[in-house]
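Being a predicted model, the structure only gives us computed values, none of them experimental.
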Amino acid sequence: MTTGEKIFRQLRRRANQMFARLRPPPAAFVYGPHYECSWPGSAVDEVRGERILTALAAEGLVTFEQVRRPPLATYHAIRRVHDDAYLDACQRPEVMIDILGGLDVSEVDTARILDLQRAMTGGTMAATDIALGTGKIAINLGGGFHHAHRKVGRGFCVFHDVAVAIAEQRALGFHERILVVDLDQHDGDGTRALFADDPSVFTLSIHNHHWGDTEAVASTSVALGDVVGDTLYLETVQLHLTEALRQHRPRLIYFLAGTDPAVGDRIGVWQISAEGMLERDIAVFEAIREFAPDAAVVVCLAGGYGPTTWQHSARSFAWLQSGHRGFEPPDNDELTLMRARHYAALLKPSELTGETDDLGLTLEDLVPSLAASAREPRFLGYYSRQGLELALERHGFLGRLRNKGFQPSLEFNLVDPQRHILKIFGDAEHEELLFELVVRRDRRTIPGFELLAIDWLLLQNPREHFSADKPALPGQRHPGLGLFEETVALLIIACERVGLAGLVVTPSQYHLAVQWQKRLRFVDPRAGARMRAIREALPGASLTEAARALQEGHVVDQSGRTCSYEPSPMIFPISDELKAELDPENYLRAIDEAADEFRFQLSSPR
């Protein structure tokens, strides 16, 4: 770039900044580090959104405050659109390979792709909230997975982000008319199929070939074939978009601004020039402004393949933010040099890619042959991260947390193959710890049987406080969450899924042993007899009163010696073999036989 060009760019950037102070830019952007993901053989530019943001920031057209970072879409939201059997299947690499059109992926790749599409689906949901809440055009720098159907994914599309966002808004009470304008070069078949019987959602798709049935109660599908240039394309968009806006009168519009119609796209076959792509997007925004001025507008990137496809989106968004057409994107080499200065100002340092002391290299980077065979760490060797979250959704556990006013988010630590950790927080910032579980496989408690050992289980409600009527029990920082029985039921289901013979836990406190005793029994009958004697010494006492009496030394044996709680393993047998090993009749008989060893009483009134 010449000195004159640099000076001109700097002046233009200053002018954009001054203009932005006079007229706030009409668009807000949604983007996060989870959007950066690639897999072997993919033509997708993993930093497409980052390139767009960098270029716009260099022009003074986007600031930190205008970029929102989305959370992963929850399976609670995704299940409104997709079947459970399909969501289970998506965790298998062979199913993901089909969705990606034959590209080979490993378990690790599969998990990353699921995270990517959940993040971008969350981005479309967040953009919808912004558009409806602020009136700004909300641009998700990803998403547009229009080939995903209820029971099947294809064409690089796993979750239908637009359908999930619409279902979320419907659940929140938004029942106005919606228009989906799909200008990806490929047919929006999934969108049309999902809303085929819904007259409130009009789907407009202009593409090269139909991907399936085009029947729907509110839809226009236009197949232009493979030989398409600027004139035909722009005339078709103008005609059908104007008609859809006039006919449907939407209050919410999704614009899938695919850039794969552009000449030179790695997958697209059309020959739309850079000028034609800009004119297309301007025509869409101008038509919306004229025929649906009160509609909320959400933009998703949709298709676009190759390292320069981002430039078409950048031109359009620069026009949208500035009101003029003078922006010309830099090339990728120049953009790389801009990144540290401009893109870094839009995200937190921890969110930047490649900003680690080890240059971001992994073992797979150093030994590429390992990548193909890499396996995703699995909870107990069975549940993928996605699968465990889906199981918690399916069994209603996360739904119960939402009913208590939380927005649960999960954190896994599966690095240590011997001890797996699951944490559930009540907020996206991970400040409210609700649930913590540490488990391992156990082969020592009962020789010959593999058990699920619970080393730590925490259930707490940080939004509640202790009171005189409900004082703290030993070891409690916050009152309980009230989901103990549901948690035990889920752990038993996990044992069955994983094929373990039973559940074992060694409660550290008396009150925990009482709770576990509702489902589990002591492995050692003498421990069961001792616990029964303690409880018989505290007739009618509440759990809090009993725990306090034991802790304060008010429970004594016949010689006056203080009785304390002694932790001992407790078990829930699941397999028939273990049930036979722990014969209940013999167990109860053994407790009765040991009963005379343990006689306790209160040393003083409570």
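- Within the 3.5 Å criterion, the main-chain N or O of His207 finds no donor-acceptor partner in the side chain of Asp187.
- Applying the salt bridge (charged side-chain N to carboxylate O under 4.0 Å, His left out) definition to pairs two or more places apart or across chains, none involves residues 196-221.
- Closest heavy-atom contact between Leu390 and Gln91: CD2-NE2, 3.8 Å.
- Side-chain contact between Glu168 and Thr128 is absent, with no heavy-atom pair separated by less than 4.5 Å.
- Between the Tyr75 side chain and the Gly387 main chain, no donor and acceptor come within less than 3.5 Å of each other.
- Residues Trp310 and Asn332 bring a donor and an acceptor atom of their side chains to less than 3.5 Å of each other.
- Residues passing the salt bridge (Lys or Arg N to Asp or Glu O under 4.0 Å) test with Asp129: none are found, sequence neighbours excluded.
- In this model, no donor atom of one side chain and acceptor atom of the other lie less than 3.5 Å apart for Thr124 and Tyr254.
- Side-chain atoms of Arg48 and Thr259 include a donor-acceptor pair closer than 3.5 Å.
- No donor-acceptor pair under 3.5 Å is formed between the side chain of Arg251 and the backbone N or O of Ala295.
- Between Gly188 and Ser205, the shortest heavy-atom distance links the atoms N-OG, 3.1 Å.
- Looking only at distances, no side-chain donor or acceptor of His149 sits under 3.5 Å from a matching main-chain atom of Lys151.
- Donor-acceptor pairing under 3.5 Å is lacking for the side chains of Gln311 and Asp331.
- Because its NZ or CZ atom is not both nearer than 6.0 Å to the ring centre of Tyr35 and within 45° of the ring axis, Arg112 does not count as a cation-pi partner of that residue.
- Between Ile253 and Ile178, every side-chain heavy-atom pair lies at or beyond the 4.5 Å cut-off.
- Residues in residues 88-147 take part in these ring pair (Phe, Tyr, Trp, His ring centres under 6.0 Å) pairs, two or more places apart or across chains: His147-Trp211.
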Exercise. Could you go through the salt bridge (Lys or Arg N to Asp or Glu O under 4.0 Å) check for Arg92 and Glu107 one step at a time?
Key: CA-CA 7 Å; Arg92 302 199 302 269; Glu107 280 190 0; over 6 Å; no

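- Distance CG/Leu204 to CG/Leu179: 6.5 Å, rounded to 0.5 Å.
- Listed for the Arg150 side chain is a donor-acceptor partner under 3.5 Å among the backbone atoms of Val81.
- A donor-acceptor pair is defined here as one N or O able to donate and one able to accept, closer than 3.5 Å; no such pair exists between the side chain of Arg51 and the backbone of Thr309.
- Not a single donor-acceptor pair under 3.5 Å links the side chain of Glu59 to the backbone N or O of Ala318.
- A heavy-atom distance below 4.5 Å is not found between the side chains of Asn208 and Val228.
- A salt bridge links Asp189 and Arg154; the closest N-O separation between the charged side-chain nitrogens and carboxylate oxygens is under 4.0 Å.
- The backbone N or O of Leu61 sits less than 3.5 Å from a side-chain atom of Gln321, completing a donor-acceptor pair.
- For the atom pair OG1 of Thr242 and CZ of Phe291, the computed distance is 5.0 Å after rounding to the nearest 0.5 Å.
- With a 4.5 Å cut-off on side-chain heavy atoms, Met277 and Arg315 do not count as touching.
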Quiz prompt | Step-by-step side-chain contact (heavy atoms from CB on, under 4.5 Å) determination, Leu100 to Ile97 | solution = CA-CA 5 Å; Leu100 300 181; Ile97 288 170; 6.0 Å; no

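- Heavy atoms only, all atoms of each residue included: Cys90 and Thr110 are closest at O-CG2, 3.5 Å.
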Exercise. Test side-chain contact (heavy atoms from CB on, under 4.5 Å) on Ile206 and Asp182 and set out the steps.
Key: CA-CA 7 Å; Ile206 299 174; Asp182 190 340; over 6 Å; no

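- Proximity of Leu392 to Leu410: side-chain heavy atoms (C-beta onward) are separated by under 4.5 Å at one or more points.
- In terms of heavy-atom proximity, His82 sits nearest to His160 at NE2-N, 3.0 Å.
- Salt-bridge annotation for Asp161 and Arg118: absent, with no side-chain N of the basic residue lying under 4.0 Å from a carboxylate O of the acidic one.
- Applying the salt bridge (Lys or Arg N to Asp or Glu O under 4.0 Å) test to Asp184 and every residue at least two apart in sequence or in another chain returns nothing.
- A salt bridge does not link Arg79 to Glu393: none of the charged side-chain nitrogens sits closer than 4.0 Å to a carboxylate oxygen.
- Between Leu132 and Ala296, the closest heavy-atom pair is CD2-CB, 3.7 Å.
- Ser221 and Arg192 share a donor-acceptor pair across their side chains, judged by distance under 3.5 Å alone.
- No hydrogens or angles considered: nothing links the side chains of Arg69 and Tyr31 as a donor-acceptor pair under 3.5 Å.
- Atom CG in Leu194 sits 9.5 Å away from atom CD1 in Ile166 (nearest 0.5 Å).
- For the residue pair Thr63/Glu65, the side-chain donor-acceptor check at 3.5 Å is satisfied.
- The shortest side-chain heavy-atom distance between Leu398 and His76 does not fall under the 4.5 Å cut-off.
- Side-chain atoms of Gln185 never come within 3.5 Å of backbone atoms of Gly303 as a donor-acceptor pair (strictly under, hydrogens ignored).
- Between Glu279 and Arg325 a salt bridge is recorded (basic side-chain N to carboxylate O distance below 4.0 Å).
- The main-chain N or O of Pro25 is found under 3.5 Å from a side-chain atom of Lys136 such that the two form a donor-acceptor pair.
- A distance of 10.5 Å separates CZ of Phe425 from CD of Glu432, quoted to the nearest 0.5 Å.
- Looking only at side-chain heavy atoms (C-beta outward), Asp226 and His209 come within less than 4.5 Å of each other.
- In summary, the side chains of Asp281 and Ser316 do present a donor paired with an acceptor at a separation below 3.5 Å, with no hydrogens or angles considered.
- Note: Trp319 and Phe327 fail the aromatic proximity criterion, with ring centroids not under 6.0 Å apart.
- Residue pairs that meet the salt bridge (charged side-chain N to carboxylate O under 4.0 Å, His left out) test with at least one member in residues 229-244, sequence neighbours left out, do not exist here.
- For the ring pair (Phe, Tyr, Trp, His ring centres under 6.0 Å) condition, the pairs that include at least one residue of residues 163-205, sequence neighbours left out, are Phe202-His248.
- With rounding to the nearest 0.5 Å, the separation of CG in Leu114 from CG in Asp109 is 11.0 Å.
- Residues Leu234 and Gly276 come closest through the heavy atom pair CD2-O, 3.6 Å.
- The structure places NE2 of His34 at 5.0 Å from CG of Leu72, a figure rounded to the nearest 0.5 Å.
- With a 4.5 Å cut-off on side-chain heavy atoms, Ile137 and Val299 count as touching.
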Quiz item: What do the steps show when you test Gln386 against Asp88 for side-chain contact (heavy atoms from CB on, under 4.5 Å), and what is the final call?
Solution: CA-CA 9 Å; Gln386 309 284 343; Asp88 280 332; over 6 Å; no

